[in-house]
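Below is one structure, written out as structure tokens; comments come after it.
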Amino acid sequence: MRTPATGASNRGMTRSAIEDPNDVPARPSLPAGTAALVGVLAVAAALAAGHLVAALVGSGASPYLAVGNAAIDLTPEWLKEFAIRTFGEDNKLVLLAGMAVVLLLVAVLAGLISRRGSLPGTLLAVGLGVVGLVAVFTRPDVGQLAVLAPATSLLVGVGVFRWLHRLALARVVAVGATETDQALPRRAFLRASTGVALGAGVLGAGGQLLTGGSDATGSRRALGRITPASPAPPIPPGADFAAQGTPRFITPSKDFYRVDTALVVPQLAAEDWRLRVHGMVDRELVFNFDDVRSRELRERTITMVCVSNEVGGPYISTANFVGVPIAELLREAGVRDGAEQLFSTSTDGYTAGTDLTKLTNEDDGAMLAIGMNGESLPVEHGFPARMVVPGLYGYLSATKWVVDMELTTWEAKRPYWLDRGWAREAPVKTASRIDAPGDGATVAAGRVVVSGIAWAQPRGIDKVEVRVDGGRWLPAELSTGVSTDTWRMWRIAMDLEPGRRRVECRATDSSGYQQTGRRTPTAPDGATGWHSVTFTVG
Ligand SMILES: Nc1nc2c(c(=O)[nH]1)N[C@H]1C(S)=C(S)[C@@H](COP(=O)(O)O)O[C@H]1N2
Ligand SMILES: [Mo]
């Protein structure tokens with residue numbers, strides 16, 4: 001009978017027969033470490049070369065980033081939600097790091113399966129190259145030249161792999177030869193592998209430098225301040241309770257939440273930007289940046305919130321946006337009967353579909369924004385131009401780096417998130433959050449000030465109530481109202497019993513609707529439920 005043990009001993013015998021020092025091995029074999037090194041160096045060289053070429057033909061062409069972007073688009077919704085929940089705004093860094101680990105493993109594998117001959121690893125390298133090619137080819141934001149980058153990666157990867165493999169094998173074959181005959185191949189391999197490592201570093205860094213010193217940052221700096229003809233009313237004192245732990249009323253741009261699918265922030269210079277308005281319109285329009293900037297610019301204070309914001313979550317911020325009403329642009333284009341959505345496209349291929357009824361009335365405040373908090377839009381918030389629509393979650397209204405607006409029907413065009421489990425229409429839900437005390441905090445006994453935010457754009461907040469340990473709801477004090485398009489802060493001083501206390505809050509909007517306590521997840525159209533925090537009164 002054959003057992004695992006006998007099988008093992010059989011193999012053991014076979015091997016010792018081959019390795020008999022008196023036998024000349026039929027084919028030389030690379031040590032595992034050397035084989036792995038060859039694989040890793042080849043992949044590093046491939047990536048670096050591709051990255052450099054991508055810097056010349058458009059950063060979306062970088063095979064590594066293109067694969068990452070494709071991964072984002074292909075990731076199932078639950079995993080994306082999990083990544084956002086777990087890693088917050090670092091989720092893309094985690095993805096890139098995860099890809100690096102996978103690539104490293106594949107590179108090591110390519111080496112290890114090629115210890116005797118370079119063919120298996122070559123095939124794996126070609127496979128990897130094809131993945132890069134397909135990823136770049138299917139990016140919506142790159143030109144035709146873009147395939148040069150992954151093609152370079154493929155050629156360099158395969159070439160370097162075979163070259164180093166040959167040198168490494170020559171070194172192995174030389175073992176057993178005389179001292180001087182050994183030294184030559186060993187030095188050749190050493191020199192080649194060091195050269196590849198250094199070369200990859202230089203090419204990769206060069207590519208990074210070329211993309212990093214991007215057009216957008218320089219272009220943005222050159223624009224200076226964006227000054228509106230009609231500024232937003234000044235924020236009154238008492239609009240926030242920052243001293244008691246709420247956010248400041250206007251979120252500094254650097255702290256403004258950021259959510260998008262872009263692995264590298266799209267780089268679009270204002271000089272190169274065009275916005276095309278077309279589809280079901282009487283007149284197709286094309287704007288450049290100066291066309292927009294020289295119009296009568298308005299400023300509006302708007303609170304934006306992400307549909308992925310969990311109950312109590314951080315994806316909400318407020319800014320002074322400067323731009324032109326979308327209603328004005330649509331009036332000039334002349335929207336035809338039958339148009340239902342404004343289908344907007346970003347330079348990186350992201351799309352959103354906004355219900356036209358939210359855009360045609362100028363007073364509703366939907367804008368094509370080119371400024372934020374007195375400056376041009378920060379690059380990561382959509383420079384040179386984005387949409388902002390008060391009262392709608394960002395995913396279906398707030399397209400950043402927007403370059404195209406098509407008037408069309410729901411039937412004709414399907415925006416990005418629609419096929420990924422999110423609703424076609426999603427007005428902002430009435431909601432509230434407790435900011436202080438923090439969950440798990442310990443506060444001194446006596447008077448405790450509980451504070452937070454509430455929002456219900458564009459209806460506005462009328463009331464916020466707080467209760468302790470499931471007791472009676474007590475009304476909180478509201479901050480000075482600014483606009484129904486913005487959040488509102490609240491606070492309440494309470495005498496709390498020592499021990500662990502659980503506090504909840506709920507808001508009522510100006511339509512009289514009271515925030516539901518029913519907990520629902522963020523998909524498909526925004527989470528509901530009361531936020532609660534538990535802390536210790538000590
Ligand atoms: N081009 C582009 N625009 C986009 C997105 C995106 O992924 N790509 N995400 C949207 C989502 S989901 C939200 S909530 C807002 C966030 O805008 P912010 O990053 O400026 O806060 O942008 C919207 N606009
Ligand atoms: Mo969002």
Side-chain angles (χ1 to χ4, degrees), residues 60 68-69 72-73 75 77 80-81 83-85 88-89 91-92 95 139-141 216 247 250-268 273 275 302-310 313-323 342-354 366-373 375-405 415-423 425-429 431 455 457 487 521-527:
N69 276 314
I72 290 177
D73 291 351
T75 302
E77 202 40 44
K80 224 177 281 188
E81 282 281 286
I84 292 176
R85 210 165 40 238
E89 299 191 13
N91 65 76
K92 284 175 200 131
L95 173 75
R139 282 310 300 161
D141 56 333
I250 298 291
T251 314
S253 297
K254 66 173 180 17
D255 300 332
F256 202 97
Y257 84 90
R258 176 183 165 206
V259 171
D260 54 60
T261 59
L263 204 46
V264 268
V265 179
Q267 302 288 334
L268 192 53
W273 177 81
L275 174 66
I302 296 171
T303 295
M304 282 185 52
V305 57
C306 181
V307 73
S308 297
N309 198 40
E310 304 277 346
Y315 299 135
I316 177 164
S317 303
T318 301
N320 284 315
F321 289 99
V322 176
L342 186 152
F343 184 84
S344 53
T345 306
S346 141
T347 187
D348 69 337
Y350 179 84
T351 58
T354 314
M367 61 201 295
L368 173 72
I370 58 169
M372 179 172 175
N373 294 338
E375 302 185 312
S376 309
L377 286 175
V379 178
E380 62 274 22
H381 293 293
F383 182 83
R386 74 174 304 169
M387 292 172 55
V388 184
V389 182
L392 296 181
Y393 288 116
Y395 78 103
L396 43 62
S397 68
T399 305
K400 305 193 268 190
W401 315 289
V402 64
V403 292
D404 192 284
M405 293 180 173
Y416 184 87
W417 287 111
L418 197 58
D419 290 323
R420 292 170 169 84
W422 298 88
E425 283 174 59
V428 170
K429 292 179 178 175
W455 64 95
Q457 316 87 293
W487 55 14
T522 55
D525 61 0

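Ligands are counted one by one from 1 in listed order, and the atoms in each one are counted from 1 as well. This one's a predicted model, so the numbers in the text were calculated from it and none came from an experiment.
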Enumerate donor-acceptor pairs with a distance under 3.5 Å from any side-chain N or O in residues 382-399 to protein atoms, sequence neighbours excluded.
from: Arg386; atom 1: NH1; to: His381; atom 2: O; distance (Å): 3.3
from: Arg386; atom 1: NH2; to: Ala398; atom 2: O; distance (Å): 3.1
from: Tyr393; atom 1: OH; to: Lys429; atom 2: N; distance (Å): 3.1
from: Tyr395; atom 1: OH; to: Ala423; atom 2: N; distance (Å): 3.4
from: Tyr395; atom 1: OH; to: Ala423; atom 2: O; distance (Å): 2.8
from: Ser397; atom 1: OG; to: Tyr393; atom 2: O; distance (Å): 3.0
from: Thr399; atom 1: OG1; to: Ser344; atom 2: OG; distance (Å): 2.7

Exercise for review: Just jot down the side chain to side chain contact (heavy atoms under 4.5 Å, CB included) partners of Thr351, sequence neighbours excluded, or say none.
Suggested key: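 Thr351 satisfies side chain to side chain contact (heavy atoms under 4.5 Å, CB included) with Phe343, Thr345, Pro415, Tyr416 once adjacent residues are dropped.
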Exercise for review: Only counting residues at least two apart or in another chain, list the ones meeting salt bridge (charged side-chain N to carboxylate O under 4.0 Å, His left out) with Asp260.
Suggested key: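 Partners of Asp260 by the salt bridge (charged side-chain N to carboxylate O under 4.0 Å, His left out) criterion, ordered by chain and then number, come out as Lys92, Arg258, Lys400.
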Exercise for review: Measure the acute angle between the ring planes of Tyr257 and Tyr315, then classify it against the limits of 30° and 60° as parallel, tilted or perpendicular.
Suggested key: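 Geometry flag for Tyr315 against Tyr257: tilted rings.
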Practice item. State, yes or no, whether a side-chain contact exists between Phe256 and Pro378 at a heavy-atom distance under 4.5 Å. Key: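 Phe256 does not reach Pro378 side chain to side chain.
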Review point. Is a donor on one side and an acceptor on the other found under 3.5 Å between the side chain of Asp348 and the backbone of Val265?
Key: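 Checking the backbone N and O of Val265 against the side chain of Asp348, no donor-acceptor pair under 3.5 Å is found.
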For ligand 1, which of its N or O atoms have a protein N or O partner closer than 3.5 Å, and how long is each gap?
from: ligand 1; atom 1: 1 (N); to: Ser346; atom 2: OG; distance (Å): 3.2
from: ligand 1; atom 1: 1 (N); to: Lys400; atom 2: O; distance (Å): 3.2
from: ligand 1; atom 1: 3 (N); to: Lys400; atom 2: N; distance (Å): 3.0
from: ligand 1; atom 1: 7 (O); to: Thr261; atom 2: N; distance (Å): 2.9
from: ligand 1; atom 1: 9 (N); to: Val259; atom 2: O; distance (Å): 3.2
from: ligand 1; atom 1: 17 (O); to: Arg386; atom 2: NH2; distance (Å): 3.0
from: ligand 1; atom 1: 19 (O); to: Val259; atom 2: N; distance (Å): 3.1
from: ligand 1; atom 1: 19 (O); to: Lys400; atom 2: NZ; distance (Å): 2.5
from: ligand 1; atom 1: 20 (O); to: His381; atom 2: ND1; distance (Å): 2.6
from: ligand 1; atom 1: 20 (O); to: Arg386; atom 2: NH1; distance (Å): 2.7
from: ligand 1; atom 1: 20 (O); to: Arg386; atom 2: NH2; distance (Å): 3.4
from: ligand 1; atom 1: 21 (O); to: Tyr257; atom 2: O; distance (Å): 2.6
from: ligand 1; atom 1: 24 (N); to: Ala398; atom 2: O; distance (Å): 3.0

